[in-house]
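See structure below.
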Amino acid sequence: MLRTRPPDMLAPDLQPADTAAGILQQVFGYSKFRGEQERIIEHVSSGGDALVLMPTGGGKSLCYQVPAVLRHRRERGVSVVVSPLIALMHDQVGALEELGVHAAFLNSTLSMEEAQRIEREMMSGRLVLLYAAPERVTTPRFLAQLDSLQERELLSLFAIDEAHCVSQWGHDFREDYLGLSVLHERYPEVPRIALTATADAITRADIVQRLALGDARIFVSSFDRPNIRYRIVEKDEPRRQLRRFVQEEHHGDAGIVYCQSRKKVDETAAWLLQEGVTALPYHAGLDSDVRRRHQDRFLREDGVVMVATIAFGMGIDKPDVRFVAHLDLPKNIEGYYQETGRAGRDGLAADAWMVYGLADVVNQRRMIDESPAAEDFKRRQRGKLDALLALAESHDCRRVRLLSYFDEASEPCGNCDNCLQAPATWDATEAARMALSCVYRFHQDRGRRFGAGHLIDVLRGKATDKVAQFGHQRLSTFGVGAAVSETRWRGVLRQLIAMGHLRTEGEFNTFELTPSSRKVLRGDLTLLLRESDASPKRGDGTRRTRGAKVAKPERPTLRAVPAGLDVNAQQRFAALKAWRAEVARAHNLPAFVVFHDATLTEMARLRPATLDELAQISGVGVKKLEAYGEEILRVLGGEGE
C-alpha cells in the first residue's frame, strides 16, 4: 500500500481518453488543471481564438498542447506552434516525445534529409505538433504546405508563443512576427492561440491589432509569483555584493546573472569562475556553437550560473533556477518581470535580486533619448522606465507595485525586501531644493550644464580644478550641502530623476530642470526619500525615520534535497536523481524533461510499490509509466527502511 498518502493526493477516477481532462491525466500525468487552463483549453479546443497572458511557470504550454492532442485524436490534424527559439523547440519536442505525443521541429539545425522527413510526417497528418520559427512559417513554401493541409482538413491549430514579440511596445519586438497576420487572412477557420507571460495594456492591444485577434477571448491569469522574493539594493561595489549573494545564499544553485553589455558579461563570468562559481557567458557576440554548448550545460547540469545579456532566457524552461540577479537596470518592468520569472518555475523558493545606481538611471535615459525612434515611441519608453524606477525606489511592497503595473490589485506580500525590512527614509526636501537650485544657477551661468560629479562637488564645497575653472566657488550654492555625504547626494539625484524632478541630456549626461522642478524649489512638495543603503547612519545633519521591522515569514529552504523528506526518503531521492541523470544523458535531454524534481520528491516520500501506485503520482502519465515504471520501482525497492 502507499505509505502515509494524504487523501487529496489520491488519483481521481480515470477520465475518458478523448477529453481534455483525460489527456491531462493520461498523457501529461496531472490530475487537475491549474487556474484558467481548463477554460482556455475548452475554448480553443472548440475552435475559438484566444490571447493568453500567464506568468512564466504558470503552465502556458499545456494551453495549446492539450487542445493539439485532443483535436488530433478527433480530426487527425496538425497543430503549428510558432516559437522564436531553437533550444526551446528542441526541449519541448523532446518532452512531448517522452510523453508519447508525436512532435517535431523545423529549423536551421536540421539536415535537408531530416527536414524533408519531418515535412512528410506533417503532410501525412501523423504529426500532432510542429514547432517552427516565424520567419519559416511566413515563407511561400511553408504557406503552400499549410494550404495543402487545409484543403485536406488536416490543419488543426496555430499557437503563437512569446506573442509580445509582435508589438513595438513589447520588450522584445521582432520584425519576423509582423508577418503572422497572414495566418488569419489565409486560414480564418483555423483557431489561433497567442501566448505571452508579459504584456501591459498597451502591448496587449497591439498584439490583438497586429495578429487580427479582435474576436479572440482574452484570458489574463494572475501575474503573481509568490515563491519569488524581490530584492533591489543600491550599487556599492557590485561584484562584492554579487559574490556575497551567490556564495552565502545560493552556493551550488543554478542561476542567471544579467548584465547590459557583452564585455561586462565576459568579465563577470570570468571573475565568478575565479571565485569558485561554475559560470558561463552568453551573448549574441559569441559563436553560435559556443552559445549552444553553454545553454546545453546550463539546462543539463546542476549548479551552473549563466551570465548573460537579455539575448539569453526567453523560453528557457529550466524549472530549478533558484535566482536571477541583475547587475544593471533593465529597460522596463515587462523585461524585469520576464527575466525574473525564469527563477523558481518549479514553485519552490527563489530570489530576484538587483543592484542599481545613478549611472544606470542616466544610461537608460540616454539610450532612449539618443535612439533614432519616433518621439511618440521615446515618450512611451520613458514612461516605462519611470515605472521601473518607481519600483526600484519604492518604500512599500515591491510585489504590490509590480502587479499594479499589470492592473492587478494585491496586498503586501511579506516576501520582498521592503516587507521583510521596511527601508529607512529621510526628509530630503531641503537637500532636493539645494540640488535643483544649483542646477538652475549652472544654467544661469551662460547656459552651462554639468553632470553628477561636478554638481556634487559644488554642493559639498570641494575646491576642485573644475570648480576653479568655472568660478563655481562663487555660487551661492557652493558648500550648502557639505553636511550630506557624496553617497547620499547620489541617492538624492537618482531619486529626483526617478520622480521626474530632474532629467539628464546629451552625450555627457548633464542635468536639466523639468516642469515639476519648480514645485520642489518653491517648497510645495515634501520629499521623503529612501535612505541610501551605503549612507552614513549618523552625523550628516539629516533627519530620518526608520520603518518598523516586520516578522520574516516562513520561507522554503533553498537546498539540493527537498524539505520534508526523512533520511531514508532523502536517500531514495538521491538514487532517483542519479537514475534520471542516466536516462537524460541516454536520451540527450535535460533531466527535468524526464521527470521534474517535484515528481521525484513524491516518489521518494511515498515509495510506491506497484505500477498502479506509481501511476497515482502527479507527473507520471501512461507513456512514462510504461517506459520507466519498472525501473523506478527497482530504484525505490533498492532502499531499505
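Just so you know, these numbers use all the heavy atoms, side chains as well, and skip hydrogens, waters and symmetry mates. Source: prediction; values computed, not measured.
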- [ ] Going by the ring pair (Phe, Tyr, Trp, His ring centres under 6.0 Å) test, name the single residue among F245, Y336, W353, Y337 that passes it with H326.
- [x]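 It is Y336, the one option of F245, Y336, W353, Y337 that forms the ring pair (Phe, Tyr, Trp, His ring centres under 6.0 Å) with H326.
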For the [atom1] atom of [X] and the [atom2] atom of [Y], what is their distance to the nearest 0.5 Å?
X	Y	atom1	atom2	answer
Q92	F105	CD	CZ	11.5 Å
H90	L299	NE2	CG	10.5 Å
Y131	L96	OH	CG	5.0 Å
R345	R225	CZ	CZ	7.5 Å
H164	T203	NE2	OG1	9.0 Å

Below 4.0 angstrom, N of the basic side chain to O of the carboxylate: do [X] and [Y] qualify?
X	Y	value
D386	R365	yes
R580	D597	yes
R243	E248	no
R494	E234	yes
D328	K235	yes
E582	R585	no

TODO: Establish, from distance only, whether the side-chain atoms of H283 and D266 form a donor-acceptor pair under 3.5 Å.
DONE: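 Side-chain D/A pair, H283 to D266: present.
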TODO: Check the side chains of R342 and Y258 for a donor-acceptor pair under 3.5 angstrom, ignoring hydrogens and angles.
DONE: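 Short answer, yes.
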TODO: Give the intermediate values and the outcome of salt bridge (charged side-chain N to carboxylate O under 4.0 Å, His left out) for residues D346 and R322.
DONE: CA-CA 10 Å; D346 53 10; R322 296 270 65 85; 3.0 Å; yes
Open item on the list: For H251, I'd like to know if atom NE2 has over 12 heavy atoms of other residues, nucleotides or ligands within 6.0 Å.
Closed with: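 No, because the 6.0 Å sphere around NE2 of H251 holds 12 heavy atoms or fewer from other groups.
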- [ ] Take atom CD of E175 as the centre, draw a 6.0 Å sphere, and report whether it contains more than 12 heavy atoms from other residues, nucleotides or ligands.
- [x]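 Result for CD/E175: open.
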Say whether, by atom type as modelled, one donor and one acceptor occur between the side chain of [X] and the main chain of [Y] under 3.5 angstrom.
X	Y	result
K624	V594	yes
E97	A103	yes
S410	S404	no
R300	N588	yes
R291	L286	yes
Q364	L329	yes

TODO: Apply side chain to side chain donor-acceptor pair (under 3.5 Å) to the pair N418 and R530, showing each step before the final yes or no.
DONE: CA-CA 11 Å; N418 286 350; R530 187 184 181 96; 3.1 Å; yes
Open item on the list: One pair to check against side chain to side chain contact (heavy atoms under 4.5 Å, CB included): E135 and R174. What are the steps and the verdict?
Closed with: CA-CA 10 Å; E135 56 268 28; R174 300 196 180 194; over 6 Å; no
Open item on the list: Between Y282 and H294, does the ring pair (Phe, Tyr, Trp, His ring centres under 6.0 Å) criterion hold? Intermediate values first, please.
Closed with: CA-CA 7 Å; Y282 188 104; H294 287 186; 7.7 Å; no
TODO: Please state whether the rings of H587 and Y628 are parallel, tilted or perpendicular, taking 30° and 60° as the class boundaries.
DONE: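 Plane angle between 30° and 60°, so tilted.
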TODO: Decide yes or no for L327 and R239: does some side-chain heavy atom of the first lie under 4.5 Å from some side-chain heavy atom of the second?
DONE: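 L327 does not reach R239 side chain to side chain.
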- [ ] Answer whether the closest heavy-atom distance between the side chains of M603 and I632 falls below 4.5 Å.
- [x]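 SC-SC contact between M603 and I632 confirmed.
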- [ ] Step by step, work out the side chain to side chain contact (heavy atoms under 4.5 Å, CB included) result for S222 and E408.
- [x] CA-CA 7 Å; S222 172; E408 182 176 343; 2.6 Å; yes
Task: Heavy-atom pair with the smallest gap, counting every atom of M54 and S221 - done: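 Smallest heavy-atom distance, with atoms named: CE-OG, 3.6 Å.
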